[in-house]
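Data first, discussion second: the structure below is written as C-alpha cells.
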Amino acid sequence: EAQVTQNPRYLITVTGKKLTVTCSQNMNHEYMSWYRQDPGLGLRQIYYSMNVEVTDKGDVPEGYKVSRKEKRNFPLILESPSPNQTSLYFCASRGQVGNQPQHFGDGTRLSIL
Amino acid sequence: RKEVEQDPGPFNVPEGATVAFNCTYSNSASQSFFWYRQDCRKEPKLLMSVYSSGNEDGRFTAQLNRASQYISLLIRDSKLSDSATYLCVVSRGGSYIPTFGRGTSLIVHP
C-alpha cells in the first residue's frame, strides 16, 4: 500500500530536549516536505527536498533541521525545542514528474512544555 | 496580498444545497492547482486536481480562471459527510513548489 509514515504520532516533551520526527515513503517519490499546521494559520512549509541530498527552506524553517540521506526518508529534527514549536506536523511526498499532488502522512502532534 | 487566499468561512448549508468556494492566487506563473479536503486535525487528502478546461468528479466541479487568477470548487447536493475544511493548493515554477491556502470550512447540517 502506498503510504507516507510518520513517527511518533504524538509526543509530549520538554523545552531543550532534542527530538526527531521520522518520515518515510514507499512510493519512490523524489519530492518530500514538512509542514506545520496551527489554528488560523493553515499549513506552513518548514523544509522541502527535491531529491537525495537536496534540501531547501520553506516559509518557517527557524528552529528546525532536516536531512535527506536516502530517497525514502526525510526526518525532521528539533535540536532545542521550544513551546512555540507545539503544533501539528505533516510530512508529504510526491513524484517529481509533471503536475502531481502530494500524499500526506497521518500527522504528528507535538507538545513542548 | 497573500499568495493564495481563501474565505475561511464557515459556510453553513443544509443538506442538498449547492455551495461554491473560490480561491485566488497572486502568482500569474502558477502552473498546477488542486483542491484538498481536511477533516478535523487529520491529514489533508486530495479531492481533485483542477484542469484548465474545468473538470467534474461526481458532485464536485472544479474550475480555473487564469485571467482573474482564481480557482473554484462547486459541491452539488451537499451531504453531511462533506463537512470539512477545503484547502486550495497552487504550485509554481518548474519545480511545482506548492502553496496552501488557509482553507474554507464547510458545515452541512440536516
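Numbered from 1 within each chain, the chains take letters A, B, ... in sequence-line order. This structure is a prediction, so every number in the text was calculated from the model and none was measured.
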Of the listed residues (B/Pro8, B/Gly101, B/Pro44), which shares the most heavy-atom pairs with chain A below a 4.5 Å separation?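 Heavy-atom pair counts peak at B/Pro44.
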Check whether B/Gln38 gets within reach of chain A through its side chain, its backbone, both or neither, counting any heavy atom under 4.5 Å.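 Only the side chain of B/Gln38 comes within 4.5 Å of chain A.
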Tell me, side chain or backbone of A/Arg109 under 4.5 Å from chain B's heavy atoms, or both, or neither?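 A/Arg109 touches chain B through side-chain heavy atoms alone.
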Can you confirm whether the side chains of A/Thr22 and A/Asn7 place a donor and an acceptor under 3.5 Å from each other?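 Side-chain D/A pair, A/Thr22 to A/Asn7: absent.
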Pick whichever of A/Gly40, A/Gly107, A/Pro101, A/Gly105 has the most heavy-atom pairs under 4.5 Å with chain B.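 It is A/Pro101.
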CD1 (A/Ile12) with more than 12 external heavy atoms under 6.0 Å: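 Open.
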Determine all donor-acceptor pairs shorter than 3.5 Å in which one atom belongs to a side chain in residues 58-65 of chain B; sequence neighbours excluded.
from    : atom 1 : to      : atom 2 : distance (Å)
B/Arg59 : NH1    : B/Arg76 : O      : 3.1
B/Arg59 : NH1    : B/Asp77 : O      : 3.2
B/Arg59 : NH1    : B/Asp82 : OD2    : 2.8
B/Arg59 : NH2    : B/Asp82 : OD1    : 2.9
B/Arg59 : NH2    : B/Asp82 : OD2    : 3.3
B/Thr61 : OG1    : B/Arg76 : NH1    : 2.9
B/Asn65 : OD1    : B/Ala67 : N      : 3.2
B/Asn65 : OD1    : B/Ser68 : N      : 2.8

Show me the donor-acceptor pairs, under 3.5 Å and distance only, between side chains in residues 50-66 of chain A and residues at least two apart or in other chains.
from    : atom 1 : to      : atom 2 : distance (Å)
A/Tyr64 : OH     : A/Arg36 : NH1    : 2.9
A/Tyr64 : OH     : A/Tyr89 : OH     : 2.6
A/Lys65 : NZ     : A/Glu79 : OE2    : 2.9

